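Take a look at the structure below.
So that the names make sense, note that chain A is the first sequence line, chain B the second, and so on, each numbered from 1. Predicted model, so just to flag it, every value in this text is computed and none were measured.
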Number of protein chains: 4
Amino acid sequence: MARPRTDDKRSRILHAAVKVFAKKGYFGARVSEIAKKAAVADGTIYLYFRNKEDILVSLFDAVMAEHLEQGRQELEGLHGSREKLRSIATRHLKLLGENRDLAVVFQVELRQSTQFMERFTASWLHDYFALLDHVIAEGQEDGSLRPDLPRTLVAKAFFGALDEMVTSWILSRKDYDLARLADPVVDLLLEGAALPRTRSARLALAAASGSGG
Amino acid sequence: MARPRTDDKRSRILHAAVKVFAKKGYFGARVSEIAKKAAVADGTIYLYFRNKEDILVSLFDAVMAEHLEQGRQELEGLHGSREKLRSIATRHLKLLGENRDLAVVFQVELRQSTQFMERFTASWLHDYFALLDHVIAEGQEDGSLRPDLPRTLVAKAFFGALDEMVTSWILSRKDYDLARLADPVVDLLLEGAALPRTRSARLALAAASGSGG
Amino acid sequence: MARPRTDDKRSRILHAAVKVFAKKGYFGARVSEIAKKAAVADGTIYLYFRNKEDILVSLFDAVMAEHLEQGRQELEGLHGSREKLRSIATRHLKLLGENRDLAVVFQVELRQSTQFMERFTASWLHDYFALLDHVIAEGQEDGSLRPDLPRTLVAKAFFGALDEMVTSWILSRKDYDLARLADPVVDLLLEGAALPRTRSARLALAAASGSGG
Amino acid sequence: MARPRTDDKRSRILHAAVKVFAKKGYFGARVSEIAKKAAVADGTIYLYFRNKEDILVSLFDAVMAEHLEQGRQELEGLHGSREKLRSIATRHLKLLGENRDLAVVFQVELRQSTQFMERFTASWLHDYFALLDHVIAEGQEDGSLRPDLPRTLVAKAFFGALDEMVTSWILSRKDYDLARLADPVVDLLLEGAALPRTRSARLALAAASGSGG
DNA sequence: GATGAATGAGCGTTCATTCAT
DNA sequence: GATGAATGAACGCTCATTCAT
């Protein structure tokens, strides 16, 4: 807010940090290297961030704040849990799929320790899960989603599936379009991996046994 | 290589390492602390492990080797992808749900850096995915699973969902029974989160348009 | 390369290093002890030197660079190999005779290992020998030195004799004036230890046998 | 004395030590490496030697004891300081010139620290210098050597010259015959590097001034 | 005597952070 | 605000030595 010209420096530091963290890992990253890449003095970093960890946390905060805000706005214009989940998945995979360094930081470096993980979860991830939860609740209420599955379980599975897509993408050397996986993942999560005729068969079986009984 | 007389010591070091890594994180863990907890001298560690990293890697290798072996054996006695996926999920959640420290190490510490992740993936996780892939392929061939979804995508989603169950469980303070989530997760992944009538409706629609075509 | 503001610190470290190396030996010397004696923090050492070995090498370089330069200048004003050798010997013994710690480092610590020795020889000692060689060559050409002795052999014997004077002086507890040995050593090397009449006798003998033949 | 069969082990350890010390230097040498090369267990070393340093010292003692004893015996059959110095020089250069590893240990490793040097000097080197001193004294008494030069100075110069021949030979990669340098070195030390006519001239001058006086 | 597994003291070096300028 | 020289705590690992077998 009240950080006019110099906000440029803060931003430069954050951008440099993404690159360095992605390349070296959080513990492997040197504050002096971030400073160098940001073209500021080592000491300057400490005018904008409390310490090394604060750089990582701030990075995460900045990205999540924007991502969540934009995500919520996009959801307002959509109807139906199906559409909304598709939107969330697409945005999730797009955000990270468009910036591999950022993805590395989010998938790997932020999970350095339970300490990080907890703060990470406590702040923004919690909001992200709340958003998912809300959409799922809506779906269960409007009859588009099964009400027999616990909402949080569905949310976790949804997040976990997306998360693994990103992780796999990072570790794979291939540079395929991550966002394209959004639709099939949502399809899988909504319709299931089982063949429909499984159900028909089961129903048929049930009918048969029912008629037989 | 260096496997001195007492395998007991090696084992004690590994058990101590799980605890220390879980509590302090890999980078925060001190080799001397592991030694102390294992009741051996600092130097003794290096009779059994090349270095600190080797402790972590060996830990992972040992657990995965046994887990995968037992998993494969159990699968041999089962029929149908549904049963097999249920077995895999249950074993996965049981393994980690029964040892929180081990779970922390697997969920958090092993993901310290892309370097770790890659080795991790390259060795055992690769095998784990291959196992999943195989079961899914079987299902697609015997007609129990949808053939239109890419196998790897299903495998990733399956793994990602389970993985997130574990991570959530670790970060949550509540000590619920993790393994109990196996069935609902498999159910979700197989049948989907959408209400069956969605399909009926679609089928009806398809039938209608089919009859009309 | 890294030459921060105060050359004073670098110099303080080098002076402290001479004392500590002389007292404890290179391997016995602790970097932290050098830092303490130089009144700088341990880490500061590494702003001025790459590592512990670099301190020793830099020390040697600094001393030799100055010593050789001054030596060459002094030689320019002198005439005759006899005078020049006397100058070299005097300066050699003076340099080390005036600073016992430095002498210890040069006589003992720099010879820690063939590795050190080779670097030592390759750089400055090579120049020193070249200087000696040059003076000896001059003497052989102007007829003041025997041409039948290989120059390098004379140079080595000259250096070796001086070197042993220093080593003996260090190991002896007596604090005699080392530089005073310069003249007798040069005298010995130039005139030989044998009594002149040895030659006369030999000449006589040769004459006798010659006349007899 | 009373170390029958096992003296073989002690000897094997010493031979292994020469090689390892020569290759790695005293501080770089690992006791376990010496043990391995000697084909004994690490602990066995400590049945024959007090500690690592004792191996080096014992090595030196053994070599020097034999060398000095044989040297003294050879001198008994010779007459004249010239012949005796030639014998000493030849034996000195032969001993080390025939075993480069041993030479490295004697020239470099034994000079690790003033502590070593002092012990080294105090024990055998002292005897070696006494031997030299004795031969030089004889020469001065029988009129073959100049009486105006301090005996110790001549002894040091003699030793220093030989010592430098060995050191140069070690550091040079060329494998010339070291012992062949004995004669020219003795010649240089006895007759001097200056041209004889220098003396003739001086004698002439002295004669002239003498006749004039 | 011989072994070699076990010990644990010891240290060079790094790097996040500070603060005088 | 900005700098970057200076700080000093912190730690993985080695290896000479011991001692139970």
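Side chain of Tyr26(D) to backbone of Val108(D): no donor-acceptor contact under 3.5 angstrom is found.
Rounded to a whole Å, the OH atom of Tyr46(C) is 13 Å from the P atom of dC15(E). Put simply, OH on Tyr26(A) is 12 Å from C1' on dC15(E), counting in whole angstrom units. Across the protein-nucleic acid pair, Lys24(A) atom NZ and dA16(E) atom C1' stand 16 Å apart, rounded to whole Å. Atom pair Ile34(B):CD1 and dC11(F):P shows a separation of 13 Å (rounding to whole Å applied). Counting to the nearest Å, the P atom of dC13(F) and the CZ atom of Phe49(B) are 13 Å from each other. As a whole-Å value, the separation of Ile45(C) CD1 from dA6(F) P is 12 Å. One atom, CG of Asp8(C), and another, P of dA5(F), lie 15 Å apart when rounded to the nearest Å. As rounded to whole Å, 13 Å separates atom P of dA6(E) from atom CZ of Arg10(B).
One distance of note links CG of Asp54(A) with CG of Asp61(A); it measures 8.5 Å at 0.5 Å rounding. Rounding to the nearest 0.5 angstrom, the gap separating the CG atom in Leu14(D) from the CZ atom in Phe21(D) is 9.5 Å. Atom OG1 in Thr44(B) sits 14.0 Å away from atom CZ in Arg10(B) (nearest 0.5 Å).
Residue Thr44(B) places none of its side-chain N or O atoms closer than 4.0 Å to OP1 or OP2 of dA6(E). For dC15(E), neither phosphate oxygen OP1 nor OP2 lies less than 4.0 angstrom from any side-chain nitrogen or oxygen of Ser32(A). Between dA16(F) and Arg30(D), a contact under 4.0 Å exists linking OP1 or OP2 to a side-chain N or O.
Mapping Asn51(D) and Arg50(B) onto DNA chain F by nearest heavy atom places Arg50(B) closer to the 5' end of the strand. Residue whose closest nucleotide on DNA chain F sits further toward the 5' end, between Gly43(C) and Ala29(B): Gly43(C).
Side-chain proximity of Leu47(B) to the nucleotides dA5(E), dA2(F), dT7(F) is greatest for dA5(E). Side-chain proximity of Asp42(C) to the nucleotides dT3(F), dT17(F), dA9(F) is greatest for dA9(F). For Lys9(D), taking side-chain heavy atoms from C-beta onward, the closest of the listed nucleotides dT13(E), dT17(F), dA2(E) is dA2(E). Among dA6(E), dA9(F), dT3(F), the nucleotide with an atom closest to any side-chain atom of Ala41(A) is dT3(F).
dA20(E): Watson-Crick or G-U partner is dT3(F), with both key distances under 3.5 Å. dC15(F): Watson-Crick or G-U partner is dG8(E), with both key distances under 3.5 Å.
A heavy-atom distance below 4.5 Å is found between the side chains of Val105(D) and Leu56(D).
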